[in-house]
Chemist: 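A single structure is presented below for examination.
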Amino acid sequence: MSTTEEKKIKSSRKSRSKSEASVTRDSALDAAIAAAISAPKPPKKAAQSQKSRGVQTSRKSQKSQSSKKSKSQKTESRETKPAQTQPTAQQVNKPVPIVSNAVATNSKTPLKIIPLGGLGEIGENMTLVEYGNDIVIIDCGMTFPDSEMPGVDMVIPDFTYVEKNADRVRGVLVTHGHEDHIGGIPYLLKKINVPVYATRLTIGLIENKLKEHNLGKSMLHVVTPSDKVQLGVFTAEFIKVNHSIPDAVAIALHTPAGTVVHMGDFKVDYTPIEGGIIDLPRFARLGDEGVLALMSDSTNSERRGFTPSERTVGESFEKLFNKAGDKRIIIATFSSNIHRVQQIINCAAKHNRKVAVFGRSMINVIGLATELGYLKAPAGVMIDIADMHNYSDGEIVLITTGSQGEPMSALTRMATNDHRQVSITSNDFIIISARPIPGNEKFVGRVVNQLLKLGAEVVYEEMYEVHVSGHACQEEQKLIISLVRPKYFIPVHGEYKHLTRHAETAREIGIPDKNILIADVGNVIELSKNGMKVTGSVLAGKVMVDGLGVGDVGAAVLKDRKRLAEDGVISVSATIDKIDRKLLSGPEIVSKGFVYEKTNDELFAEVKKKAHQVLQQELSTRHDYTAIKNKVRDEISDFVFSKTKRRPTIIVTVLDI
């Protein structure tokens, strides 16, 4: 055999050996993921050992790649970090740094991430990713008003920056169909005309919202997990995740500067009701390819362990249906929690009960989910509200809105005996299958108390497992960070305490502190070869929606509303002769929200007398009606305060003839 042939054979063997080694590494990765799936609650030591093995595998891969580069002597534009050395005995208790395959870009153009909502708060999620002349938007949600916003219907992000750069926006990418991620889309599409990309159920929910705003379908595009969409310089990849609503996805945004992974809302559910488990292998492959930044859901960052599977709620329902006996069952839950509704329908069918649905949002979502095939009910189980009186209490299950104690919801109206079709009795078994959103605890507690007073038996989260979260707890958050291995980490979706705790979790498993950023709404975060930093800010904040008005309620209006709510109003009106400068009629005194007039005749007589004196005096010395009204207002305000220690709003009206 010639020398040349021997060299070819040796070369072939080396090539085959390297290929087998690559397969072995991939198999090891798949095995690691399988192990995580089969053991969702690993002991702490085992989890640390698994993490250490993952880091060592990454190091071996980097050394192998370095060897290939030296042999081929090719110049590459990408640079990898040098392999980390094995920790010494003195370093055992320190977190092993995450080894990221993310590459530093040589581009002079930085990648910008601009959150316009969802940081330091629950809801109102909206993030802009900008590179050069291109911008994409991830989610556009809303949040409900707090106690400091009387009369406000909802709150959406400030779109000022988006409007100014409308010609650069390439599209809106939506992770799932919850209101805090899609609620602001109709208002955004009234400002700019851009395509929207989302999964089928999410698009259906958005379509319903656009119809309510008379916007038609706009440019709505249905995608499926694993689809990729080109938007300018960006390539958006949709990745399957688990959440409390079907069709939820994460988004991997491939950019010239590197890949940014936005998790949306997620959990790791190994036994989901529908749709399969989160695509952990794809996240692992992204980690191998290199991820520049990870933006991850922080809602449950304070909770240890794993979030229970949605199936545990179905098991609780089975027990509670048996316990209810011949009573009528009423279950309140989120209208968007289709998995929960499916389990209720399954239990009802098993126990030979019919299901009726209450609440506009519940009826709309269930109708859409049934039409699209996400919700399946056996024939004859679902009945119309009008037909429920044809069945005994033991044959009925009512699914209703109101799990958050909303004042106008169906359950709240039932609790106050204000519902036209349902009256609560001692033969009702009521299940509140939801956890109160922070700030709603008092509303929910009030509804529970009212239902109990009416004689109903009420079951809520603290009593049975009638609710599980749709958000990842600490161990799931660690799993995603370990698989993705980002260079930079940005916690999102949560109050400041949630973001801070998520950042601590990232540090615990090896993300360097300098590579973690807790941002604020409006920050301009730049990612470049020089690192990650906040370089400025854009106009951002809360825009309040009140009826058909958007943004016309601001701090001044809220201040007036709160003052009216606290102290009420007194109206003083009078008619004068503008030529003779005499009082023709009045002053008339009317009060709202101050004191009850019929039991305070003496006080109002004194107020009227005081107003008459001030008007007579001012008409004889002044000709400026504005000055006269201001004087009356100030004098009446001081007089009322001296009598009651309250400062109601004083409104003075002077009509001249």
Chemist: Any sub-3.5 Å donor-acceptor pair from Asn300's side-chain atoms to His471's backbone N or O?
Modeler: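 Side chain of Asn300 to backbone of His471: a pair is present.
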Chemist: Over all heavy atoms of both residues, which pair between Asp265 and Asp297 is shortest? Give the atoms and the distance, please.
Modeler: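 Minimum heavy-atom separation between Asp265 and Asp297: CA-OD2, 3.7 Å.
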Chemist: Would a 4.5 Å heavy-atom cut-off, applied to side chains only, mark Phe443 and Pro407 as touching?
Modeler: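 The answer is no; the side chains never approach within 4.5 Å.
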Chemist: In terms of the angle between their ring planes, are His213 and Tyr187 parallel, tilted or perpendicular, with boundaries placed at 30° and 60°?
Modeler: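 Ring orientation, 0 to 90° scale: perpendicular.
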Chemist: Under 3.5 Å, is there a donor-acceptor pair between the side chain of Arg435 and the main chain of Ser469?
Modeler: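 No; zero donor-acceptor contacts below 3.5 Å.
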Chemist: Under 3.5 Å, is there a donor-acceptor pair between the side chain of Ser298 and the main chain of Val492?
Modeler: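 Yes; at least one donor-acceptor contact below 3.5 Å.
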Chemist: Considering only heavy atoms from C-beta outward, does the side chain of Gln477 approach that of His502 to under 4.5 Å?
Modeler: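 Answer yes - side chains close enough.
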Chemist: Is there side-chain contact between Phe266 and Ser296, with heavy atoms separated by less than 4.5 Å?
Modeler: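 The answer is yes, as the side chains (C-beta and beyond) meet within the 4.5 Å cut-off.
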Chemist: Taking NZ in Lys350 as the centre, count heavy atoms belonging to other residues, nucleotides or ligands within less than 6.0 Å. Is the count above 12?
Modeler: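 Not buried by this count: 12 neighbours or fewer within 6.0 Å.
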Chemist: With the threshold set at 4.0 Å, does a side-chain nitrogen-carboxylate oxygen contact exist between Arg340 and Glu310?
Modeler: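 Salt bridge present between Arg340 and Glu310.
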Chemist: Identify the two heavy atoms, one from Val152 and one from Arg561, that lie closest to each other, and give their separation to 0.1 Å.
Modeler: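 Between these two residues, the closest heavy atoms are N-NH1, 4.0 Å.
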Chemist: Mind checking the CZ-CG spacing from Arg446 to Leu451? Nearest 0.5 Å is all I need.
Modeler: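 The distance works out to 12.5 Å.
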Chemist: Is there a donor-acceptor contact under 3.5 Å from the side chain of His351 to the main chain of Arg353?
Modeler: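 No; zero donor-acceptor contacts below 3.5 Å.
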Chemist: Could you tell me whether Glu475 and Lys478 have a side-chain N and a carboxylate O separated by less than 4.0 Å?
Modeler: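 Result for this pair is yes, salt bridge flagged.
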Chemist: Counting N and O atoms only, with roles assigned by atom type, does the side chain of Glu476 sit under 3.5 Å from a partner on the main chain of Gln474, one being a donor and the other an acceptor?
Modeler: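 Not at all, since once roles are kept as given, no pair shorter than 3.5 Å links the two residues.
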Chemist: Quick one: CE on Met142 to CD1 on Ile185, what's the gap to the nearest 0.5 Å?
Modeler: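 It is 12.5 Å, given to the nearest 0.5 Å.
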Chemist: Using only atom types and a distance under 3.5 Å, with no angle test, would you say the side chain of Asn242 pairs donor to acceptor with the backbone of Gly276?
Modeler: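 Side chain of Asn242 to backbone of Gly276: a pair is present.
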Chemist: Determine, step by step, whether His493 and His181 satisfy the ring pair (Phe, Tyr, Trp, His ring centres under 6.0 Å) criterion, reporting the C-alpha distance in whole Å, the side-chain angles of both residues, the deciding distance to 0.1 Å, and the verdict.
Modeler: CA-CA 11 Å; His493 297 182; His181 292 256; 5.2 Å; yes
Chemist: Check whether any side-chain heavy atom of Glu465 lies under 4.5 Å from a side-chain heavy atom of His467, and answer yes or no.
Modeler: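 No, their side chains stay 4.5 Å or more apart.
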Chemist: Go through Lys240 and Val249 one step at a time and tell me if the side-chain contact (heavy atoms from CB on, under 4.5 Å) criterion holds.
Modeler: CA-CA 5 Å; Lys240 168 71 181 176; Val249 292; 5.6 Å; no
Chemist: Would you check, one step at a time, whether the test ring pair (Phe, Tyr, Trp, His ring centres under 6.0 Å) holds for His221 with Tyr197?
Modeler: CA-CA 5 Å; His221 303 277; Tyr197 300 87; 4.8 Å; yes
Chemist: Does the Ser309 side chain pair with the main chain of Thr271, one donor and one acceptor, at a distance under 3.5 Å?
Modeler: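 Indeed, once roles are kept as given, a pair shorter than 3.5 Å links the two residues.
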